[in-house]
Amino acid sequence: MKPSIPKGTRDFSPVEMYRRNYIFDTIKKVFKKYGYQQIETPAMENLETLTGKYGDEGDKLLFKILNSGPVVDQINNSDANIKLNEISEKGLRYDLTVPFARYVVMHQNEINFPFKRYQIQPVWRADRPQKGRYREFYQCDVDVIGSDSLMNEVELIQIIDEVFTKLGMEVTIKINNRKLLSGICEVIGESDKFIDITVAIDKYDKIGFDGVKKELMEKGLTDASINKLEPLLKTSRLDSIIIESLSELLKNSTIGMKGIEEISTILAYLSSINFNFDKIVLDGTLARGLNYYTGAIIEVKANNVSMGSICGGGRYDDLTGIFGLPNVSGVGISFGADRIYDVMNELNLFPDFNNDSTQVLFYNYFTKDQSVYLGLINKVRAVGINAELYPEPADKGNSNKLQKKQFEYAKSKNIPFTIAIEEINNWKPAVKSAANKTTKILETESFVEDLILFIDSNI
RNA sequence: GUGGUAGUAGCUCAGUCGGUUAGAGCAUCAGAUUGUGGUUCUGAGGGUCGUGGGUUCGAGCCCCAUCUUCCACCCCA
C-alpha cells in the first residue's frame, strides 16, 4: 500500500516544528503576559453544538463523523432513505470560539467572570485547499468573556501588535463594528438584507463599488439605497473626518450611533497609550462572515505578501445564549498559526534553525566500558544540559568508517559540542566546539564545571 | 460546490515528432581514500512514469475517467 495523508493535511518535520514552536511560544508568552489562562477542548463536538453558528457556508464546511455501531451496518443494508442525524451526531471543531462558548456554559459555576482564556489547538474545515488554506490548521485564540468593557478590545489590539512585532512582521490591523453596519442598513431602509449587504460589501476590495452595486441589485436593493452605502465603503485611514462623516450619515440610527461611539472610545484609548495609528485602519467594508459577531470586528493582514487574513475576531454578545446562558458578552481574536508560518517563510523571517534538543554529543569510540559514558553523560544531564551518547561504538568494525558516521551524525543534527574519549588525550574526555573548533581536556575532578565553563565561553 | 494547472527514483527535475533496455543531480547504502564535523574516487539499490480504461503495430508523451497537488472563485485563519 502506498502511504498518503488526507487532502489538505500535512506532516511536520523537525525544522518545521522548530519554526512552528517559535510561533506558538511567542504567541503564548504574550497571552500569558496579559493574564490569560490556557484551556483545551475535544477535537470533536456534538454536531448540534456546531451547526448553525457559522452561516450556511460554514455548515457546509463542517467535517462530520460517522456514527459507529449498528447504524453503520444498517446503511449497507437499507435503502438510501437516511437522515443525517441518524448516521452522524459528532463533528470536528470548526473554530475554537464556539467550543469555548459551550465550555463556558458547561463550567459556568466554576468560572469567576470575567474569564480570560487562551486556547491553541487544531481546527478542521472541509474546504478545498489552496494557498494559505488547509483542511487542518491551528488557531491560537484569546478571548475575554463576561465583560462588556471596551478595554478588552483595546487589550486585544495591543496583543496583536505585540505578537507581530515580536515575530518581526509588518501588518495592518483592520477594524470595523457590526453595529455600524446594522446602522447603515437601517438608515437605507434595508435592515432585513443585513447578511446580503455585509457579504457584498466585504468584496469591495476585489470587485469595487460597481461590483458591489451589481450584486446588491441582484438581491433586490434599490439604486438609491445602494448609493447611500458609498461613503462607508470609502473609509480607510483613520481620522476624525471619517468619524464625523459617518456620524452624519448615521445620526438617525440608534444602533449605528452606538457603533460610532464604540469605535471612537477604542480609538481614544489607543491614542492615550500612543498606539501607532499607521498600523490600524477603519475599514467600512470589513464584515466577516461568521454570524455570531455583534460589535467590534477585527482582521489582520500581513503587509507585502499576498495572503488571506492571518488573524481575526470580534465581539459576540450572545454566543452563550444559544447554550442556555444569556447576557454574557465576550470578545476575542484568533491567530492563524499556519498562515503566519507561510508569511514568515516567504519573507525569510525565521531565525536560523538551531538544534534545540542536543547540546552535547558523546562520541562512542570504544566497545569496552560503555558504562564510563553512562556515568559521564548522567552528570551532564544532571546539571540540565541536554546530552546524548552515540549508541553504536566505533571499534566494532572499520573504526575510521564508524567514526566518520558519528561526525556526520553530529553535523546533521547541528550539535554544538562533542565529547570524545581517546588515546591521544590519555583516555581523558575532551570537549570540542563546532563553532570555533577549539578543544579542551576535561579533568575527572572538575568534569562538569569545566564543561559548563567551556560551553559558556565557546557558544 | 465551480474553473484552471500539474503528477516521471526518497527530493529537485530532464525525457525531442508517439519509436530500442526511462535518465541526471542531490540524498541513502557499500567499498577505497582521508589523523578527527559534510574530502575525493568507485559502485549499488531504488520506477507498474499517480491510478483505471481507450486510440495505436507501438504510449511517459495522444483521448476519457478518477485520485492527488498547486492556483483562482466562494468563503475564511
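By convention in this document, chain letters (A, B, ...) are assigned in the order of the sequence lines, proteins followed by strands, and residues within each chain are numbered from 1.
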Colleague: Looking at every strand, decide which applies to A:G8 at a 4.0 Å heavy-atom threshold: base, sugar-phosphate, or nothing.
Modeller: sugar-phosphate

Colleague: What is the separation between atom OH on A:Y363 and atom P on B:G37, rounded to the nearest whole Å?
Modeller: 7 Å

Colleague: Using atom C1' of each nucleotide, how far apart are B:G10 and B:G47 to the nearest Å?
Modeller: 12 Å

Colleague: For B:G37, does OP1 or OP2 lie under 4.0 Å from any side-chain N or O of A:K405?
Modeller: no

Colleague: Strictly below 4.0 Å: does A:K413 bring a side-chain N or O up to OP1 or OP2 of B:G37?
Modeller: no

Colleague: Start with the C-alpha gap between A:T49 and A:N46, add the side-chain angles, then the distance that decides, and say whether side-chain hydrogen bond (donor to acceptor under 3.5 Å, both in side chains) holds.
Modeller: CA-CA 5 Å; A:T49 303; A:N46 293 328; 4.6 Å; no

Colleague: What does B:U20 pair with, Watson-Crick or G-U, if both distances are under 3.5 Å?
Modeller: none

Colleague: Round to the nearest Å and state the distance from A:Y293 atom OH to B:C76 atom C1'.
Modeller: 11 Å

Colleague: Rounded to the Å, how far apart are A:Y409 OH and B:U36 C1'?
Modeller: 19 Å

Colleague: Rounding to an integer number of Å, can you tell me how far A:D127 CG sits from B:C70 C1'?
Modeller: 15 Å

Colleague: Choose from B:U39, B:A72, B:C76 the nucleotide whose nearest atom is closest to any side-chain atom of A:K131.
Modeller: B:A72

Colleague: From CG of A:D11 over to C1' of B:G10, roughly how many Å is that when rounded to an integer?
Modeller: 14 Å

Colleague: Which nucleotide wins on minimum distance to the side chain of A:K404, given the candidates B:C75, B:U39, B:C71?
Modeller: B:U39

Colleague: Could you please name the option among B:U40, B:G37, B:C76 that lies closest to any side-chain atom of A:R339?
Modeller: B:C76

Colleague: Report the nucleotide, chosen from B:G37, B:G3, B:C74, that has the shortest atom-to-atom distance to any side-chain atom of A:E57.
Modeller: B:C74

Colleague: Using the side-chain heavy atoms of A:R128, tell me which of these nucleotides is nearest: B:C75, B:C29, B:G3.
Modeller: B:G3

Colleague: I want to check one thing: is the phosphate of B:G37, taken as OP1 and OP2, less than 4.0 Å away from some side-chain N or O of A:K432?
Modeller: yes

Colleague: By nearest atom, which of the nucleotides B:C75, B:G37, B:U69 is closest to the A:R133 side chain?
Modeller: B:C75

Colleague: Measure the distance from NZ on A:K411 to P on B:U36 and round it to the nearest whole Å.
Modeller: 16 Å

Colleague: Measure from the side-chain heavy atoms of A:Q403 and tell me the nearest of B:U36, B:C70, B:C75.
Modeller: B:U36

Colleague: Closer than 3.5 angstrom, by distance alone: can the side chain of A:D127 be matched with the main-chain N or O of A:P129 as a donor-acceptor pair?
Modeller: no

Colleague: Is the phosphate of B:A72, meaning OP1 or OP2, less than 4.0 Å from a side-chain N or O of A:Q130?
Modeller: yes

